[in-house]
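Beneath this line is the structure, given in structure tokens, with notes to follow.
Reminder, nothing fancy here: chain letters follow the sequence lines and each chain counts from 1.
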Amino acid sequence: MKQSQKERSREERTFSFFENVWAVTRLIPKGRVTSYGAIAKYLGAAKSARTVGYALNACHGHKPKVPAHRVLNRNGMLSGKHHFGASDVMQKLLEKESIRVEKDTVVDFKKLFWDPMKELA
DNA sequence: TAACTGACTCGGC
DNA sequence: AGCCGAGCCAGTT
């Protein structure tokens, strides 16, 4: 099982791991959030959460907007706010979607969590 | 070309 | 309960 997954991802990732990350990110419904790990897992690279974050970093000024502010770390913390220019931009974007943020952490993260594995299965 | 880095996560102590 | 090390991918130096 693990073996086949490895083989499979080899071809798919040639299409660009980033593209996939952005694609999934754009599917996140407004007012909902997800985590790097969830996306990574959905793409078949559970341990590449780090790379997912890196991909979002590269989405700056990319075509269809990539709602990177809806992607947080597993604790619901705005770990990437620092990369939105001003440190409060990300939070404002979230609050605009009725998502409450307290101390760099999304309130009710579990409730608002959008799992691509379940939602897109 | 090798080594380093980073918006992460998990498992072991 | 908190710290440490390892794995993952791509771009930079």
Side-chain angles (χ1 to χ4, degrees):
Chain A
M1 200 43 155
K2 285 177 187 171
Q3 202 50 287
S4 59
Q5 251 183 357
K6 236 177 188 178
E7 302 262 335
R8 170 176 80 85
S9 59
R10 181 190 238 200
E11 256 190 44
E12 291 193 358
R13 74 186 170 207
T14 59
F15 181 73
S16 186
F17 196 84
F18 288 17
E19 299 271 341
N20 287 324
V21 172
W22 297 331
V24 175
T25 304
R26 282 193 289 256
L27 293 177
I28 301 174
K30 189 179 174 190
R32 303 293 293 287
V33 294
T34 191
S35 73
Y36 303 95
I39 294 176
K41 206 170 196 178
Y42 178 73
L43 295 179
K47 293 174 186 170
S48 304
R50 212 171 180 188
T51 310
V52 172
Y54 192 74
L56 294 179
N57 178 38
C59 80
H60 178 61
H62 203 262
K63 353 183 164 185
K65 304 183 196 181
V66 181
H69 59 279
R70 296 189 190 137
V71 186
L72 319 163
N73 70 4
R74 76 189 181 103
N75 295 315
M77 290 203 287
L78 281 57
S79 40
K81 68 166 188 176
H82 186 63
H83 294 268
F84 275 78
S87 49
D88 59 337
V89 174
M90 188 174 185
Q91 177 171 338
K92 298 220 161 163
L93 285 171
L94 289 170
E95 292 179 333
K96 230 183 221 179
E97 301 185 357
S98 308
I99 296 175
R100 290 191 190 180
V101 180
E102 241 177 71
K103 284 190 292 186
D104 296 346
T105 304
V106 170
V107 181
D108 288 333
F109 176 62
K110 278 192 224 163
K111 285 186 193 171
L112 300 173
F113 185 71
W114 181 81
D115 187 350
M117 287 297 266
K118 292 178 186 172
E119 308 291 340
L120 301 180

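Nucleotides C:dG5 and B:dC4 are separated by 15 Å at their P atoms, to the nearest Å. Using P as the reference atom, B:dC8 and C:dA1 are 23 Å apart when rounded to the nearest Å.
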Under-3.5 Å N/O pairs linking protein and nucleotides 9-13 of chain B:
unit_1 : atom_1 : unit_2  : atom_2 : d
B:dT9  : OP1    : A:Arg74 : N      : 2.9
B:dT9  : OP2    : A:Arg74 : N      : 2.8

Quick test: give all pairs of protein nitrogen or oxygen and nucleotides 11-13 of chain C nitrogen or oxygen below 3.5 Å, distance rounded to 0.1 Å.
unit_1 : atom_1 : unit_2  : atom_2 : d
C:dG11 : O4'    : A:Tyr54 : OH     : 2.9

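Take A:Ala58 and apply the side-chain contact (heavy atoms from CB on, under 4.5 Å) test, not counting sequence neighbours, and it matches A:Phe18, A:Trp22. Partners of A:Glu97 under the salt bridge (charged side-chain N to carboxylate O under 4.0 Å, His left out) rule, at least two apart in sequence or in another chain, are A:Arg70.
Side chains of A:Leu93 and A:Val89 form a contact here, defined as non-hydrogen atoms less than 4.5 Å apart. Contact annotation: the side chain of A:Tyr42 never approaches that of A:Asn20 to less than 4.5 Å [non-hydrogen atoms, C-beta and beyond]. Between A:Leu94 and A:Val33, some side-chain heavy-atom pair lies under the 4.5 Å cut-off.
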Do any side-chain atoms of residues 71-85 of chain A form donor-acceptor pairs under 3.5 angstrom with protein atoms, and if so which ones, sequence neighbours left out?
unit_1  : atom_1 : unit_2   : atom_2 : d
A:Asn73 : OD1    : A:Asn75  : N      : 3.0
A:Asn73 : OD1    : A:Gly76  : N      : 3.2
A:Asn73 : OD1    : A:Met77  : N      : 2.9
A:Lys81 : NZ     : A:Asp104 : OD1    : 3.2
A:Lys81 : NZ     : A:Asp104 : OD2    : 3.1

Identify each donor-acceptor pair in which a side-chain atom of residues 114-121 of chain A lies under 3.5 Å from a protein atom, sequence neighbours left out, and give them as a table.
unit_1   : atom_1 : unit_2   : atom_2 : d
A:Asp115 : OD1    : A:Met117 : N      : 2.9

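Remark: A:Ser79, A:Gly80, A:His83, A:Phe84 in residues 79-107 of chain A come within less than 4.0 Å of DNA chain B through at least one heavy atom.
No more than 12 heavy atoms of other residues, nucleotides or ligands shown are found within 6.0 angstrom of CZ on A:Arg100.
Linking Ile, Leu, Val, Met, Phe, Trp and Tyr whenever their side-chain heavy atoms come within less than 4.5 Å leaves A:Met90 and A:Val66 in two separate clusters.
The separation between A:Leu43 atom CG and C:dG7 atom C1' is 17 Å, rounded to whole Å. Atom CG in A:Asn57 sits roughly 10 Å away from atom P in B:dC8 (whole-Å rounding). Atom CG in A:Leu56 sits about 13 Å away from atom C1' in C:dC9, given to the nearest Å. Taking atom NZ on A:Lys47 and atom C1' on C:dA6, their separation rounds to 9 Å, with Å as the unit. If you take CG of A:Asn20 and C1' of C:dC8, they are 15 Å apart, rounded to a whole angstrom.
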Point to revise | Worked verdict on A:Tyr54 versus A:Val21 for side-chain contact (heavy atoms from CB on, under 4.5 Å) | key: CA-CA 10 Å; A:Tyr54 192 74; A:Val21 172; over 6 Å; no
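A:Val107 belongs to no hydrophobic cluster with other residues, because no ILVMFWY side-chain heavy atom falls under 4.5 Å from its own, directly or through intermediates.
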